[in-house]
Amino acid sequence: MALPTANPAVRLGWKEVSALSLGSASLPARPCPGVALHRTGRGKFRVAAVSLDDYLPMRSTEVKNRTSTGDIRSLRLITAVKTPYLPDGRFDLEAYDSSINMQIEGGVEGVIVGGTTGEGHLMSWDEHIMLIGHTVNCFGTRIKVIGNTGSNSTREAVHATEQGFAVGMHAALHINPYYGKTSTEGLIAHFEAVLPMGPTIVYNVPSRSGQDIPPQVIEIISGYSNMAGVKECVGHERVKCYTDKGITIWSGNDDECHDSRWKYGATGVISVASNLVPGLMRSLMYEGENSMLNEKLLPLMKWLFCLPNPIALNTALAQLGVARPVFRLPYVPLPLEKRIEFVRIVEAIGRDNFVGQKDARVLDDDDFVLISRF
(Lines give C-alpha, C1' and ligand atoms only; values in the text may rest on other atoms or scores of the structure.)
Protein backbone atom coordinates (compact mmCIF):
# COMPACT_ATOMS: atom_id res chain seq x y z
CA MET A 1 0.00 0.00 0.00
CA ALA A 2 1.38 3.40 -0.94
CA LEU A 3 2.20 5.71 1.91
CA PRO A 4 0.42 9.07 1.94
CA THR A 5 2.48 11.95 0.64
CA ALA A 6 3.26 14.92 2.84
CA ASN A 7 0.58 17.57 2.73
CA PRO A 8 2.15 20.89 1.66
CA ALA A 9 -0.22 22.82 3.84
CA VAL A 10 0.02 24.62 7.13
CA ARG A 11 -2.72 24.28 9.71
CA LEU A 12 -4.21 27.48 11.04
CA GLY A 13 -6.86 26.78 13.66
CA TRP A 14 -9.18 24.19 12.15
CA LYS A 15 -8.55 25.11 8.53
CA GLU A 16 -5.78 23.96 6.22
CA VAL A 17 -4.25 26.68 4.13
CA SER A 18 -1.81 26.22 1.28
CA ALA A 19 1.62 27.26 2.45
CA LEU A 20 3.31 30.13 0.68
CA SER A 21 6.59 29.15 -0.90
CA LEU A 22 9.59 30.98 0.48
CA GLY A 23 10.30 32.41 -2.93
CA SER A 24 6.79 33.72 -3.53
CA ALA A 25 6.67 37.41 -4.28
CA SER A 26 3.00 37.91 -3.54
CA LEU A 27 0.13 36.51 -1.54
CA PRO A 28 -2.61 34.45 -3.20
CA ALA A 29 -5.19 36.58 -4.94
CA ARG A 30 -8.00 34.75 -3.13
CA PRO A 31 -7.62 33.64 0.49
CA CYS A 32 -8.55 30.12 1.46
CA PRO A 33 -11.71 29.46 3.50
CA GLY A 34 -11.42 30.50 7.11
CA VAL A 35 -8.48 32.80 6.50
CA ALA A 36 -8.61 36.56 6.57
CA LEU A 37 -5.91 38.61 4.88
CA HIS A 38 -5.54 41.70 7.02
CA ARG A 39 -3.09 44.52 7.33
CA THR A 40 -0.79 45.10 10.29
CA GLY A 41 -0.98 48.25 12.39
CA ARG A 42 0.87 50.40 9.86
CA GLY A 43 -1.21 49.15 6.95
CA LYS A 44 1.64 48.03 4.66
CA PHE A 45 1.51 44.26 4.70
CA ARG A 46 -1.16 41.65 4.41
CA VAL A 47 -0.90 38.80 6.90
CA ALA A 48 -2.62 35.43 6.63
CA ALA A 49 -4.54 34.97 9.84
CA VAL A 50 -7.42 32.90 11.08
CA SER A 51 -10.55 34.96 11.36
CA LEU A 52 -11.84 35.51 14.88
CA ASP A 53 -14.69 33.09 14.27
CA ASP A 54 -12.16 30.29 13.82
CA TYR A 55 -10.34 30.75 17.12
CA LEU A 56 -11.01 27.62 19.14
CA PRO A 57 -11.38 26.92 22.00
CA MET A 58 -11.80 30.65 22.59
CA ARG A 59 -15.30 30.71 21.06
CA SER A 60 -16.48 29.00 24.23
CA THR A 61 -18.67 31.46 26.12
CA GLU A 62 -17.81 29.66 29.35
CA VAL A 63 -14.14 30.53 28.89
CA LYS A 64 -14.81 34.07 27.73
CA ASN A 65 -17.16 34.78 30.59
CA ARG A 66 -14.97 33.36 33.34
CA THR A 67 -13.34 36.72 33.89
CA SER A 68 -13.40 40.03 32.07
CA THR A 69 -10.65 42.39 31.03
CA GLY A 70 -12.11 44.83 33.53
CA ASP A 71 -11.68 42.28 36.31
CA ILE A 72 -7.98 42.05 35.48
CA ARG A 73 -7.57 45.82 35.28
CA SER A 74 -8.88 46.17 38.84
CA LEU A 75 -6.14 44.04 40.43
CA ARG A 76 -3.69 46.03 42.52
CA LEU A 77 -1.41 43.32 43.91
CA ILE A 78 -0.26 40.49 41.65
CA THR A 79 2.56 38.17 42.68
CA ALA A 80 5.01 36.80 40.14
CA VAL A 81 5.06 33.52 41.99
CA LYS A 82 8.10 31.28 42.49
CA THR A 83 8.10 27.66 41.27
CA PRO A 84 9.62 25.29 43.89
CA TYR A 85 11.36 22.02 42.99
CA LEU A 86 11.94 18.55 44.36
CA PRO A 87 15.53 17.23 44.60
CA ASP A 88 15.11 15.49 41.23
CA GLY A 89 14.14 18.79 39.58
CA ARG A 90 10.42 18.13 39.22
CA PHE A 91 7.87 20.63 40.52
CA ASP A 92 7.24 20.46 44.27
CA LEU A 93 3.46 20.88 44.04
CA GLU A 94 2.98 20.54 47.80
CA ALA A 95 5.27 23.50 48.46
CA TYR A 96 3.73 25.37 45.51
CA ASP A 97 0.19 24.93 46.82
CA SER A 98 1.27 26.05 50.27
CA SER A 99 2.86 29.13 48.73
CA ILE A 100 -0.29 30.04 46.78
CA ASN A 101 -2.38 29.64 49.93
CA MET A 102 -0.04 32.02 51.77
CA GLN A 103 -0.44 34.53 48.94
CA ILE A 104 -4.21 34.35 49.16
CA GLU A 105 -4.13 34.68 52.95
CA GLY A 106 -1.86 37.70 52.57
CA GLY A 107 -4.37 39.50 50.37
CA VAL A 108 -2.80 38.97 46.96
CA GLU A 109 -5.39 39.15 44.17
CA GLY A 110 -3.58 37.50 41.27
CA VAL A 111 -0.55 35.37 40.47
CA ILE A 112 1.69 35.19 37.42
CA VAL A 113 2.40 31.50 36.76
CA GLY A 114 5.59 30.58 34.95
CA GLY A 115 6.87 34.12 34.56
CA THR A 116 10.48 35.22 34.93
CA THR A 117 10.27 34.75 38.70
CA GLY A 118 8.58 31.39 38.23
CA GLU A 119 11.30 30.35 35.78
CA GLY A 120 8.98 29.68 32.88
CA HIS A 121 11.99 29.93 30.58
CA LEU A 122 13.40 26.79 32.27
CA MET A 123 10.19 24.81 31.73
CA SER A 124 9.00 22.70 28.85
CA TRP A 125 5.68 23.88 27.46
CA ASP A 126 4.07 20.73 28.88
CA GLU A 127 5.28 21.69 32.36
CA HIS A 128 4.22 25.26 31.78
CA ILE A 129 0.63 24.52 30.79
CA MET A 130 0.32 21.82 33.44
CA LEU A 131 1.26 24.29 36.18
CA ILE A 132 -1.21 26.88 34.87
CA GLY A 133 -3.96 24.26 34.79
CA HIS A 134 -3.06 22.99 38.25
CA THR A 135 -3.21 26.53 39.66
CA VAL A 136 -6.60 27.18 38.08
CA ASN A 137 -7.95 23.82 39.23
CA CYS A 138 -6.88 24.33 42.85
CA PHE A 139 -7.18 28.10 43.32
CA GLY A 140 -9.02 29.61 40.36
CA THR A 141 -12.10 30.57 42.37
CA ARG A 142 -10.02 32.40 45.00
CA ILE A 143 -7.37 34.21 42.98
CA LYS A 144 -6.86 35.34 39.39
CA VAL A 145 -4.46 33.11 37.48
CA ILE A 146 -2.41 34.89 34.83
CA GLY A 147 -0.36 32.52 32.74
CA ASN A 148 2.87 33.62 31.16
CA THR A 149 2.39 32.27 27.65
CA GLY A 150 4.66 34.75 25.92
CA SER A 151 7.47 33.77 23.58
CA ASN A 152 9.87 35.28 21.09
CA SER A 153 8.17 33.01 18.56
CA THR A 154 4.71 34.24 17.63
CA ARG A 155 3.72 30.69 16.67
CA GLU A 156 4.64 29.40 20.15
CA ALA A 157 2.96 32.34 21.87
CA VAL A 158 -0.30 31.73 19.97
CA HIS A 159 -0.28 28.00 20.66
CA ALA A 160 0.61 28.34 24.36
CA THR A 161 -2.03 31.05 24.86
CA GLU A 162 -4.71 28.86 23.28
CA GLN A 163 -3.71 26.07 25.64
CA GLY A 164 -3.55 28.37 28.67
CA PHE A 165 -7.05 29.68 28.15
CA ALA A 166 -8.26 26.16 27.39
CA VAL A 167 -7.13 25.02 30.85
CA GLY A 168 -8.87 28.00 32.43
CA MET A 169 -6.36 30.79 33.04
CA HIS A 170 -8.00 34.17 33.53
CA ALA A 171 -5.48 36.22 31.58
CA ALA A 172 -2.24 35.92 29.65
CA LEU A 173 1.07 37.72 30.16
CA HIS A 174 2.98 38.51 26.96
CA ILE A 175 6.49 39.83 26.55
CA ASN A 176 7.78 41.31 23.31
CA PRO A 177 9.95 39.02 21.14
CA TYR A 178 13.38 38.88 22.81
CA TYR A 179 16.87 38.17 21.44
CA GLY A 180 15.63 37.91 17.86
CA LYS A 181 14.30 41.45 18.08
CA THR A 182 11.82 42.76 15.54
CA SER A 183 10.59 46.05 14.09
CA THR A 184 7.84 48.28 15.41
CA GLU A 185 5.45 46.79 12.85
CA GLY A 186 6.58 43.31 13.91
CA LEU A 187 5.82 44.10 17.55
CA ILE A 188 2.32 45.24 16.66
CA ALA A 189 1.69 42.16 14.51
CA HIS A 190 2.99 39.87 17.27
CA PHE A 191 0.63 41.29 19.88
CA GLU A 192 -2.27 41.41 17.42
CA ALA A 193 -1.85 37.65 16.96
CA VAL A 194 -2.45 36.88 20.66
CA LEU A 195 -4.82 39.61 21.80
CA PRO A 196 -8.03 38.13 20.33
CA MET A 197 -7.84 35.12 22.65
CA GLY A 198 -8.54 36.69 26.03
CA PRO A 199 -7.51 39.32 28.62
CA THR A 200 -3.84 40.16 28.14
CA ILE A 201 -1.14 42.00 30.08
CA VAL A 202 1.84 43.15 28.02
CA TYR A 203 5.19 43.01 29.80
CA ASN A 204 7.84 45.62 29.00
CA VAL A 205 11.24 44.82 30.51
CA PRO A 206 13.99 46.01 28.14
CA SER A 207 16.75 44.84 30.50
CA ARG A 208 15.68 41.25 29.78
CA SER A 209 14.13 41.40 26.32
CA GLY A 210 16.80 43.68 24.84
CA GLN A 211 14.14 45.90 23.24
CA ASP A 212 11.87 48.57 24.64
CA ILE A 213 8.21 48.48 23.63
CA PRO A 214 7.69 52.11 22.60
CA PRO A 215 4.56 54.03 23.62
CA GLN A 216 3.32 54.13 20.02
CA VAL A 217 2.98 50.33 20.06
CA ILE A 218 1.11 50.27 23.38
CA GLU A 219 -1.20 53.05 22.23
CA ILE A 220 -2.10 51.14 19.07
CA ILE A 221 -2.79 47.80 20.74
CA SER A 222 -4.62 49.43 23.66
CA GLY A 223 -7.56 49.74 21.30
CA TYR A 224 -8.15 45.99 21.61
CA SER A 225 -10.89 45.09 24.09
CA ASN A 226 -8.70 42.29 25.53
CA MET A 227 -5.77 44.60 26.26
CA ALA A 228 -5.84 44.74 30.08
CA GLY A 229 -2.72 46.85 30.56
CA VAL A 230 1.05 46.90 30.83
CA LYS A 231 3.56 45.63 33.35
CA GLU A 232 6.04 48.48 32.93
CA CYS A 233 9.65 48.38 34.12
CA VAL A 234 11.06 51.50 32.46
CA GLY A 235 10.21 53.96 35.23
CA HIS A 236 7.89 56.63 36.56
CA GLU A 237 7.87 58.87 33.48
CA ARG A 238 6.72 56.02 31.26
CA VAL A 239 4.08 55.07 33.84
CA LYS A 240 2.71 58.61 33.84
CA CYS A 241 2.80 58.72 30.05
CA TYR A 242 0.33 55.85 29.97
CA THR A 243 -1.83 56.66 32.97
CA ASP A 244 -2.42 60.15 31.54
CA LYS A 245 -3.93 58.35 28.52
CA GLY A 246 -6.08 56.06 30.65
CA ILE A 247 -3.99 52.94 30.03
CA THR A 248 -3.81 50.55 33.00
CA ILE A 249 -0.27 50.12 34.33
CA TRP A 250 1.30 47.87 36.93
CA SER A 251 4.76 48.73 38.17
CA GLY A 252 7.23 45.97 37.40
CA ASN A 253 9.76 47.34 39.88
CA ASP A 254 9.15 46.69 43.57
CA ASP A 255 11.40 49.54 44.68
CA GLU A 256 9.38 52.02 42.58
CA CYS A 257 5.89 50.62 43.07
CA HIS A 258 4.88 52.84 46.01
CA ASP A 259 5.55 56.07 44.13
CA SER A 260 4.24 54.65 40.84
CA ARG A 261 0.98 53.80 42.60
CA TRP A 262 0.43 56.94 44.62
CA LYS A 263 2.23 59.66 42.64
CA TYR A 264 2.06 58.53 39.01
CA GLY A 265 -1.28 56.78 38.77
CA ALA A 266 -0.32 53.11 38.43
CA THR A 267 -3.05 50.63 39.32
CA GLY A 268 -0.66 48.53 41.38
CA VAL A 269 2.34 46.23 41.16
CA ILE A 270 3.31 42.86 39.76
CA SER A 271 5.64 41.98 42.57
CA VAL A 272 8.53 39.70 43.49
CA ALA A 273 8.71 40.90 47.11
CA SER A 274 5.11 39.79 47.75
CA ASN A 275 6.34 36.19 47.55
CA LEU A 276 7.93 36.96 50.93
CA VAL A 277 5.79 39.71 52.52
CA PRO A 278 2.37 39.64 50.83
CA GLY A 279 0.54 41.38 53.66
CA LEU A 280 2.94 44.33 53.74
CA MET A 281 2.84 44.68 49.95
CA ARG A 282 -0.96 44.76 50.10
CA SER A 283 -0.78 47.55 52.64
CA LEU A 284 1.60 49.41 50.34
CA MET A 285 -0.87 49.20 47.45
CA TYR A 286 -4.15 49.76 49.30
CA GLU A 287 -3.69 52.00 52.32
CA GLY A 288 -2.55 55.25 50.77
CA GLU A 289 0.88 56.85 50.72
CA ASN A 290 3.07 55.31 53.38
CA SER A 291 6.65 56.43 52.95
CA MET A 292 7.60 54.90 56.30
CA LEU A 293 6.51 51.39 55.26
CA ASN A 294 8.10 51.86 51.85
CA GLU A 295 11.42 52.82 53.43
CA LYS A 296 11.20 49.82 55.73
CA LEU A 297 10.79 47.49 52.75
CA LEU A 298 13.38 49.06 50.44
CA PRO A 299 16.35 47.11 51.85
CA LEU A 300 14.51 43.86 51.15
CA MET A 301 13.50 45.01 47.65
CA LYS A 302 17.04 46.03 46.77
CA TRP A 303 18.44 42.78 48.21
CA LEU A 304 16.06 40.78 46.01
CA PHE A 305 17.66 42.30 42.91
CA CYS A 306 21.31 42.31 43.99
CA LEU A 307 21.75 39.61 41.32
CA PRO A 308 19.32 38.81 38.50
CA ASN A 309 15.91 37.70 39.72
CA PRO A 310 14.97 35.00 40.86
CA ILE A 311 18.34 34.09 42.39
CA ALA A 312 17.80 36.02 45.63
CA LEU A 313 14.14 35.04 45.95
CA ASN A 314 14.98 31.35 45.56
CA THR A 315 17.64 31.71 48.24
CA ALA A 316 15.29 33.56 50.58
CA LEU A 317 12.46 31.04 50.30
CA ALA A 318 14.90 28.22 51.04
CA GLN A 319 16.21 30.04 54.11
CA LEU A 320 12.65 30.59 55.33
CA GLY A 321 11.96 26.88 54.99
CA VAL A 322 9.01 27.29 52.59
CA ALA A 323 10.81 25.81 49.57
CA ARG A 324 13.51 23.18 49.27
CA PRO A 325 17.00 24.59 48.53
CA VAL A 326 16.87 23.20 44.99
CA PHE A 327 17.96 25.28 42.00
CA ARG A 328 17.51 24.51 38.34
CA LEU A 329 20.69 25.64 36.62
CA PRO A 330 21.80 28.12 35.45
CA TYR A 331 20.58 29.64 38.74
CA VAL A 332 22.75 29.14 41.82
CA PRO A 333 22.22 30.50 45.36
CA LEU A 334 23.52 33.82 46.60
CA PRO A 335 26.93 33.82 48.26
CA LEU A 336 27.19 33.35 52.02
CA GLU A 337 27.50 37.05 52.89
CA LYS A 338 24.23 37.77 51.09
CA ARG A 339 22.53 34.86 52.83
CA ILE A 340 23.60 36.30 56.17
CA GLU A 341 22.33 39.74 55.09
CA PHE A 342 18.89 38.29 54.35
CA VAL A 343 18.49 36.93 57.88
CA ARG A 344 19.32 40.38 59.24
CA ILE A 345 16.71 41.95 56.94
CA VAL A 346 14.10 39.51 58.21
CA GLU A 347 14.95 40.43 61.78
CA ALA A 348 14.67 44.15 60.98
CA ILE A 349 11.28 43.88 59.27
CA GLY A 350 9.95 41.23 61.65
CA ARG A 351 9.69 37.49 61.08
CA ASP A 352 5.90 37.56 61.53
CA ASN A 353 5.59 39.63 58.35
CA PHE A 354 7.21 36.92 56.21
CA VAL A 355 5.67 33.76 54.79
CA GLY A 356 6.21 30.44 56.53
CA GLN A 357 6.52 29.41 60.15
CA LYS A 358 10.15 28.40 60.55
CA ASP A 359 12.92 30.69 61.74
CA ALA A 360 15.02 32.28 59.02
CA ARG A 361 18.42 30.60 58.98
CA VAL A 362 21.66 30.85 57.08
CA LEU A 363 22.10 27.83 54.83
CA ASP A 364 25.52 26.37 54.07
CA ASP A 365 26.75 25.83 50.54
CA ASP A 366 26.34 22.08 50.98
CA ASP A 367 22.64 22.50 51.78
CA PHE A 368 21.82 23.49 48.20
CA VAL A 369 21.09 21.10 45.34
CA LEU A 370 21.84 22.23 41.78
CA ILE A 371 19.99 20.42 38.98
CA SER A 372 21.28 20.40 35.42
CA ARG A 373 19.06 17.62 34.01
CA PHE A 374 15.40 17.30 34.86
Side-chain angles (χ1 to χ4, degrees), residues 79-96 98-100 102-103 106 112 114-123 205 207-208 233 252-257 269 271-281 284 293-374:
T79 297
V81 69
K82 150 74 176 166
T83 307
Y85 304 114
L86 295 167
D88 61 4
R90 292 178 299 133
F91 295 159
D92 184 347
L93 292 179
E94 183 178 354
Y96 179 82
S98 176
S99 175
I100 300 296
M102 286 186 282
Q103 293 300 303
I112 305 290
T116 304
T117 305
E119 301 177 18
H121 46 288
L122 302 186
M123 298 177 189
V205 57
S207 64
R208 288 188 180 270
C233 296
N253 299 324
D254 279 312
D255 60 345
E256 295 181 347
C257 71
V269 62
S271 175
V272 175
S274 55
N275 279 278
L276 301 174
V277 287
L280 295 183
M281 291 301 296
L284 209 60
L293 176 58
N294 190 49
E295 289 293 327
K296 184 177 182 178
L297 290 174
L298 279 176
L300 172 65
M301 294 169 175
K302 294 183 182 300
W303 180 89
L304 280 169
F305 294 91
C306 63
L307 286 178
N309 180 51
I311 294 170
L313 176 64
N314 294 355
T315 305
L317 290 170
Q319 295 200 159
L320 290 171
V322 299
R324 287 179 169 87
V326 178
F327 283 64
R328 280 186 175 183
L329 289 170
Y331 296 122
V332 298
L334 288 181
L336 179 60
E337 60 270 21
K338 285 294 182 181
R339 304 200 296 262
I340 294 171
E341 183 181 344
F342 173 70
V343 173
R344 292 172 178 162
I345 290 172
V346 172
E347 292 170 352
I349 295 175
R351 177 64 184 89
D352 290 347
N353 293 309
F354 284 77
V355 295
Q357 302 297 322
K358 297 179 181 179
D359 290 338
R361 64 191 183 97
V362 179
L363 295 178
D364 296 327
D365 290 346
D366 291 342
D367 292 324
F368 292 95
V369 177
L370 308 183
I371 304 293
S372 61
R373 301 180 68 178
F374 41 86

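Bear in mind the structure is a predicted one, so any value in this text is a computation, not a measurement. For the numbers below, each heavy atom of this structure counts, side chains included, while hydrogens, waters and symmetry mates do not.
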Nearest-0.5 Å distance, [atom1] of residue [X] to [atom2] of residue [Y]:
X: Trp303; Y: Leu298; atom1: CH2; atom2: CG; result: 15.5 Å
X: Leu317; Y: Arg324; atom1: CG; atom2: CZ; result: 14.0 Å
X: Ile345; Y: Ile340; atom1: CD1; atom2: CD1; result: 12.5 Å
X: Asn294; Y: Cys257; atom1: CG; atom2: SG; result: 6.5 Å
X: Arg328; Y: Phe91; atom1: CZ; atom2: CZ; result: 5.0 Å
X: Phe327; Y: Thr315; atom1: CZ; atom2: OG1; result: 3.5 Å

[X] and [Y]: which non-hydrogen atoms are nearest, and at how many Å?
X: Tyr85; Y: Gly118; result: OH-O, 4.3 Å
X: Val369; Y: Pro87; result: CG1-O, 4.1 Å
X: Val346; Y: Ala360; result: CG1-CB, 4.1 Å
X: His121; Y: Thr116; result: CE1-O, 3.4 Å
X: Lys296; Y: Ala348; result: CE-O, 4.1 Å
X: Leu304; Y: Ala273; result: CD1-CA, 3.6 Å

Min side-chain heavy-atom separation [X]-[Y] under 4.5 Å:
X: Leu297; Y: Met281; answer: yes
X: Asn253; Y: Met301; answer: no
X: Ser274; Y: Asp254; answer: no
X: Lys82; Y: Ser99; answer: no
X: Leu276; Y: Leu313; answer: yes
X: Met123; Y: Thr83; answer: yes
X: Val81; Y: Tyr96; answer: yes
X: Leu334; Y: Phe342; answer: no

If the threshold is 4.0 Å, N to carboxylate O, is there a salt bridge linking Asp88 and Arg90? yes
Salt bridge flag under 4.0 Å for residues Glu341 and Lys338: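 Looking at Glu341 and Lys338, the cut-off is met.
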Surrounding [atom1] of [X] (heavy atoms of other residues, nucleotides or ligands, distance under 6.0 Å), is the total greater than 12?
X: Asp367; atom1: CG; result: yes
X: Arg351; atom1: CZ; result: yes
X: Glu337; atom1: CD; result: yes

Start with the C-alpha gap between Thr79 and Asn275, add the side-chain angles, then the distance that decides, and say whether side chain to side chain donor-acceptor pair (under 3.5 Å) holds. CA-CA 6 Å; Thr79 297; Asn275 279 278; 5.6 Å; no
Thr117 and Asn309: side chain donor to acceptor below 3.5 Å: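 Judged by distance alone, the side chains do pair up.
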side-chain contact (heavy atoms from CB on, under 4.5 Å) between Phe354 and Leu320, intermediate numbers included: CA-CA 8 Å; Phe354 284 77; Leu320 290 171; 4.1 Å; yes
Could you please spell out the steps behind the side-chain contact (heavy atoms from CB on, under 4.5 Å) verdict for Phe305 and Val272? CA-CA 10 Å; Phe305 294 91; Val272 175; 3.7 Å; yes
